[in-house]
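Here's the structure, in structure tokens; my notes come after.
Each chain gets a letter, A, B and so on, in the order its sequence line appears, and its residues count up from 1.
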Amino acid sequence: MYKKKPLLILTGPTAVGKTSLSIGLAKALNGEIISADSMQVYRHMDIGTAKIKKEQMQGIPHYLIDEYEPFEEFNVAVFQARCKECIEEIHKKGKLPILVGGTGFYIQSVLYSVNFEETEADSAYRTELTAFAKEHGTAALHEKLILVDRESAETIHPNNVKRVIRALEYYKQTGQKISEHNKVQQGKEPAYDFRYYALTLPREILYKRINQRVDSMREEGLVEEVKKLLAMGCKREMVSMQGLGYKEILSALEGEGTLEHAFERIKQETRHFAKRQFTWFKRERDVTWIDKGQFQSEEALLAYCIQDWQTHFR
RNA sequence: GGCGACUUAGCCAAGUGGUAAGGCACGGGACUGCAACUCCCUGAUCACCGGUUCAAAUCCGAUAGUCGCCU
């Protein structure tokens with residue numbers, strides 16, 4: 001029995017096979033799926049995000065997929081709020097919410113209930129600081145941070161302009177140090193009876209799968225998809241267009257290099273992304289690793305997961 | 001068979017006498033409102049042998065491999 005509300009989390013690097021496993025889990029455990037993916041929330045971005053298709057869902061309800069337009073703003077705070085709503089809704093139905101996706105940052109935000117309420121993105125201030133960094137250099141920007149929040153300044157590398165700006169923004173809006181805020185948030189305990197599964201595969205196999213996936217994206221018409229997005233008015237600067245596969249095709253279409261080259265880059269950068277995901281999940285506490293390579297078949301893998309879940313929350 | 005060029009880390013590539021730039025890849029790491037983002041860290045003794053020199057990746061000779069041209 002559960003002491004708190006149950007939550008099953010399934011993650012892992014891109015292209016390990018989260019999607020297919022998630023369907024099996026949902027069916028077996030009477031669950032519904034919430035996507036924890038920063039790109040699949042956008043409509044019209046199907047091929048490049050390897051979004052699950054309607055048929056594949058097999059009737060299992062999916063949340064946070066196709067919920068926003070590519071030009072809408074979406075971020076962790078929005079995700080967290082929406083995700084919590086979905087979890088509640090699913091619980092109300094007496095079903096198990098299954099959070100599936102590769103955006104570790106998003107998963108963290110809901111599992112540990114990181115508090116985002118107080119502040120809001122201040123785009124004017126952000127652009128102002130970005131311009132400042134461009135003019136006076138990253139070191140000068142970093143010095144501003146040293147003045148208000150020495151601790152953050154020590155952790156954030158001066159070249160990491162984005163993070164430096166966020167820390168400054170936080171200070172401007174709240175009058176407090178983001179390092180203090182983070183310290184408080186880090187100590188939080190999960191509000192759920194959860195299991196946090198991270199699927200993994202040997203590097204070489206994963207990389208091969210990534211390459212194949214990118215090839216099939218090309219065959220399925222990723223280029224056409226990007227052209228459509230362009231026709232809809234999507235611009236390079238939009239967060240959605242920074243997605244892997246989109247930014248590369250976009251720049252090829254705008255005359256920077258060939259499509260051939262673009263697809264090579266997509267493969268390369270997807271591998272890098274997978275590596276970053278490993279780094280993230282490795283240091284995340286409470287993760288249960290599941291090496292897919294250990295199992296003879298999908299079924300065996302699924303059976304193992306189901307059993308693990310049930311032995312923890314019988 | 002002859003002539004010529006080339007041979008620097010997994011790849012690309014600077015360096016032409018004073019003790020090995022850089023880029024990419026691989027690997028590792030950070031990350032608490034842009035996160036599929038952004039950022040950080042990490043490698044060689046210069047094909048091989050011999051010689052010249054206080055000192056050679058850099059000069060000379062031999063060997064091997066690669067490429068080009070010639071008969």
Item checked: Any donor-acceptor pair under 3.5 Å from A:Tyr246 side chain to A:Gly48 backbone -> yes
Check: Counting side-chain heavy atoms from C-beta on, which of B:U32, B:U38, B:A35 comes nearest to A:Asn75?
Finding: B:A35
Note to self: I'd like the C1' distance from B:A56 over to B:U42, given in whole Å.
What the structure shows: 29 Å
Notebook entry, point to check: Over how many whole Å does the gap from A:Asn160 atom CG to B:C34 atom P extend?
Noted result: 11 Å
Check: Given B:C26, B:A35, B:G28, which nucleotide is nearest the side-chain atoms of A:Thr103?
Finding: B:A35
Note to self: Under 4.0 Å from OP1 or OP2 of B:U32: is there any side-chain N or O of A:Arg163 that close?
What the structure shows: yes
Notebook entry, point to check: Nearest to the side chain of A:Trp280, which nucleotide is it out of B:A35, B:C40, B:G29?
Noted result: B:A35
Check: So, is A:His272 near the phosphate of B:C26, with a side-chain N or O under 4.0 Å from OP1 or OP2?
Finding: yes
Check: Rounded to the Å, how far apart are A:Phe105 CZ and B:C34 P?
Finding: 5 Å
Next item on the list: Ignoring backbone atoms, establish whether A:Lys282 has a side-chain N or O less than 4.0 Å from OP1 or OP2 of B:G29.
Entry: yes
Check: So among A:Lys84, A:Gln185, A:Gln108, which one has a side chain to side chain donor-acceptor pair (under 3.5 Å) with A:Ser113?
Finding: A:Lys84
Item checked: Closest non-hydrogen atom pair between A:Val41 and A:Phe74, with its separation -> CG1-CZ, 3.6 Å
Note to self: What is the separation between atom CZ on A:Arg126 and atom C1' on B:U38, rounded to the nearest whole Å?
What the structure shows: 12 Å
Check: In dot-bracket form, how is RNA chain B paired, counting a Watson-Crick or G-U wobble pair only if both its distances are under 3.5 Å and using | for bases paired to another strand?
Finding: ((((((((.[[[..)..(...]]]..((((.......)))).....[.[[[..)....]]].]))))))).
Checklist line | P gap between B:C49 and B:G2, integer Å | finding: 25 Å
Check: Counting any heavy atom closer than 4.0 Å, what does A:Tyr106 reach on the DNA or RNA strands: base, sugar-phosphate only, or nothing?
Finding: sugar-phosphate
Next item on the list: For A:Glu73 and B:A35, give me the distance from atom CD to atom C1', rounded to whole Å.
Entry: 13 Å
Next item on the list: Rounded to the nearest angstrom, tell me the gap between atom CD in A:Gln80 and atom C1' in B:U32.
Entry: 10 Å
Notebook entry, point to check: Hey, does the side chain of A:Tyr207 come within less than 4.0 Å of B:G27's phosphate (OP1/OP2), counting only N and O?
Noted result: yes
Item checked: Residue pairs passing the ring-ring contact (aromatic ring centres under 6.0 Å, His included) test where at least one lies in residues 248-307 of chain A, sequence neighbours excluded -> A:Phe295-A:Tyr304
Next item on the list: Would you mind telling me which of B:G28, B:A25, B:A35 lies closest to the side-chain atoms of A:Arg203?
Entry: B:G28
Margin query: Classify A:Gly48 by what it touches in the nucleic acid, base, sugar-phosphate, or nothing, heavy-atom distance under 4.0 Å.
Written below: base
Note to self: Side chain of A:Gln268, heavy atoms from C-beta onward: which of B:U32, B:C40, B:C26 has the nearest atom to it?
What the structure shows: B:C26
Checklist line | A:Glu256 vs A:Arg236, salt bridge (charged side-chain N to carboxylate O under 4.0 Å, His left out): CA-CA, chis, key distance, verdict | finding: CA-CA 13 Å; A:Glu256 294 165 30; A:Arg236 242 168 135 158; 3.3 Å; yes
Notebook entry, point to check: Quick one: which of B:C39, B:U32, B:C34 gets closest to the side chain of A:Val76?
Noted result: B:C34
Note to self: Could you tell me if A:Arg195 sits above the aromatic ring of A:Phe313, with its cationic atom closer than 6.0 Å to the ring centre and no more than 45 degrees from the axis?
What the structure shows: no
Notebook entry, point to check: About how many Å separate CD1 of A:Ile34 and CG of A:Leu7, when rounded to the nearest 0.5 Å?
Noted result: 7.0 Å
Margin query: Please report the distance, rounded to the nearest Å, between CG in A:Leu64 and P in B:A35.
Written below: 14 Å
Note to self: Is there a side-chain contact between A:Asn159 and the phosphate of B:C40, meaning an N or O under 4.0 Å from OP1 or OP2?
What the structure shows: yes
Margin query: Tell me the interatomic distance from A:Lys267, atom NZ, to B:C26, atom P, rounded to whole angstroms.
Written below: 14 Å
Item checked: Separation between the C1' atoms of B:U16 and B:A55, rounded to whole Å -> 15 Å
Notebook entry, point to check: Rounded to whole angstroms, how far apart are CD on A:Glu169 and P on B:U32?
Noted result: 13 Å
Check: Just by distance, do the side chain of A:Glu180 and the backbone of A:Lys177 share a donor-acceptor pair under 3.5 Å?
Finding: no
Margin query: Tell me whether A:Gln56 at atom CD has more than 12 heavy atoms from other residues, nucleotides or ligands lying less than 6.0 Å away.
Written below: yes
